[in-house]
Amino acid sequence: MRAFMAIELNSKLVDKIIEIQKTLAEANALVKFVEPENLHFTFKFLGDITPEKADDIINMAETKIESYKPFDIKIKGTGAFPSLGYIKVIWLGIEEPKQFSKMQEDFDQEFVKMGFKKERSYIPHLTIGRVKGVQNKELLVSMVTELEDIDIGTMNVDRLILKESDLTPVGPIYTDIKEIYL
């Protein structure tokens, strides 16, 4: 299965994010926006794994997560990867990502021990759209820049979720495999 570890978006924040997507859609650029039910923070992309590897990941995560307590994050500001000059992904950021980043780095060390690739420079973010072409890109970039300080709200991080990702012609379908609580 194709899998990843994720942090679910609090459902109370979804409507605000949909409004941002609608605003950005006014640029009439070639953007595929992430469906509301698929909005999440990717904690670690795992790629294709076996059911046995999934069990190993769950066991590791259940042990590792014991040293963490739930914490709040404030979702604020838009940005782009790899850069505004070459925009491919539009994202929302976290205002003070220290705790989130520390947890991700700690877990990443365990993932590396399990044979996964080390994250180069992980930046906690919530992908809201993927740019598919150059149509009206300048307008889109200016709109992303205008929203760089937008405040979405605060949510509690209380679990990691191992998810399966089934790629289909209409977009990915995510299935929760296991929720692991902080």
Side-chain angles (χ1 to χ4, degrees), residues 2-25 31-46 54 57-58 60-81 84 87-111 119-131 143-166 171-182:
R2 184 174 190 265
F4 62 96
M5 292 290 285
I7 293 174
E8 271 311 323
L9 177 68
N10 183 307
S11 60
K12 293 177 186 149
L13 302 177
V14 171
D15 288 344
K16 273 189 170 179
I17 294 169
I18 291 169
E19 287 306 311
I20 291 169
Q21 290 174 322
K22 285 179 182 174
T23 298
L24 293 172
V31 179
K32 166 83 169 83
F33 289 103
V34 176
E35 295 80 6
E37 66 273 13
N38 286 349
L39 290 167
H40 67 274
F41 291 90
T42 299
F43 192 73
K44 176 73 174 181
F45 179 74
L46 302 163
I57 291 165
I58 291 166
M60 176 279 288
E62 286 177 336
T63 301
K64 188 79 178 163
I65 212 160
E66 289 175 7
S67 59
Y68 287 92
K69 293 192 177 349
F71 59 93
D72 288 341
I73 56 173
K74 184 174 185 179
I75 303 171
K76 184 175 179 179
T78 58
F81 288 137
L84 283 171
I87 188 170
K88 288 289 178 195
V89 172
I90 304 167
W91 50 260
L92 294 170
I94 297 177
E95 188 171 54
E96 292 179 20
K98 195 165 127 184
Q99 200 164 7
F100 189 114
S101 295
K102 178 170 181 358
M103 188 168 89
Q104 194 283 329
E105 287 170 18
D106 286 350
F107 271 78
D108 202 43
Q109 290 175 2
E110 298 301 318
F111 285 123
E119 295 288 340
R120 284 192 315 237
S121 56
Y122 180 82
I123 299 170
H125 67 281
L126 180 79
T127 297
I128 61 169
R130 290 178 176 80
V131 180
M143 291 175 88
V144 168
T145 303
E146 285 174 23
L147 295 170
E148 68 185 2
D149 290 324
I150 188 114
D151 191 340
I152 305 304
T154 301
M155 64 171 261
N156 188 258
V157 175
D158 66 352
R159 76 193 90 160
L160 291 176
I161 304 172
L162 178 62
K163 290 182 172 275
E164 180 177 1
S165 172
D166 184 21
I173 297 171
Y174 301 143
T175 306
D176 292 357
I177 304 299
K178 178 74 173 174
E179 292 186 4
I180 303 155
Y181 286 85
L182 279 73

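Small disclaimer: the values here were computed from a predicted structure and weren't measured.
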Engineer: Can you establish whether the number of heavy atoms outside K102 located under 6.0 Å from its atom NZ is more than 12?
Structural biologist: no
Engineer: Nearest 0.5 angstrom please: L160 CG to Y181 OH, how far?
Structural biologist: 11.0 Å
Engineer: Counting only heavy atoms not in R130, do more than 12 sit closer than 6.0 Å to its CZ atom?
Structural biologist: no
Engineer: Donor-acceptor pair, distance only, cut-off 3.5 Å: does the side chain of D108 make one with the backbone of E119?
Structural biologist: yes
Engineer: Could you check whether any side-chain N or O of S101 sits under 3.5 Å from a backbone N or O of K98, counting only pairs where one atom can act as donor and the other as acceptor?
Structural biologist: no
Engineer: Looking only at heavy atoms, what is the nearest atom pair of G129 and V31, with distance?
Structural biologist: CA-CG1, 4.1 Å
Engineer: Is any side-chain N of the basic residue among D151 and K16 closer than 4.0 Å to the acidic one's carboxylate O?
Structural biologist: no
Engineer: Name the orientation class of the two ring planes belonging to F107 and Y68 (parallel below 30°, tilted from 30 to 60°, perpendicular beyond 60°).
Structural biologist: tilted
Engineer: Is the count of non-hydrogen atoms from other residues, nucleotides or ligands lying under 6.0 Å from K178 atom NZ greater than 12?
Structural biologist: no
Engineer: Measure the acute angle between the ring planes of F81 and W91, then classify it against the limits of 30° and 60° as parallel, tilted or perpendicular.
Structural biologist: tilted
Engineer: Is there a donor-acceptor pair under 3.5 Å between the side chain of T78 and the backbone N or O of V144?
Structural biologist: yes
Engineer: Backbone N or O of I128 within a donor-acceptor pair of the Q21 side chain at under 3.5 Å?
Structural biologist: yes
Engineer: So, are E96 and K74 salt-bridged, with charged N and O less than 4.0 Å apart?
Structural biologist: no
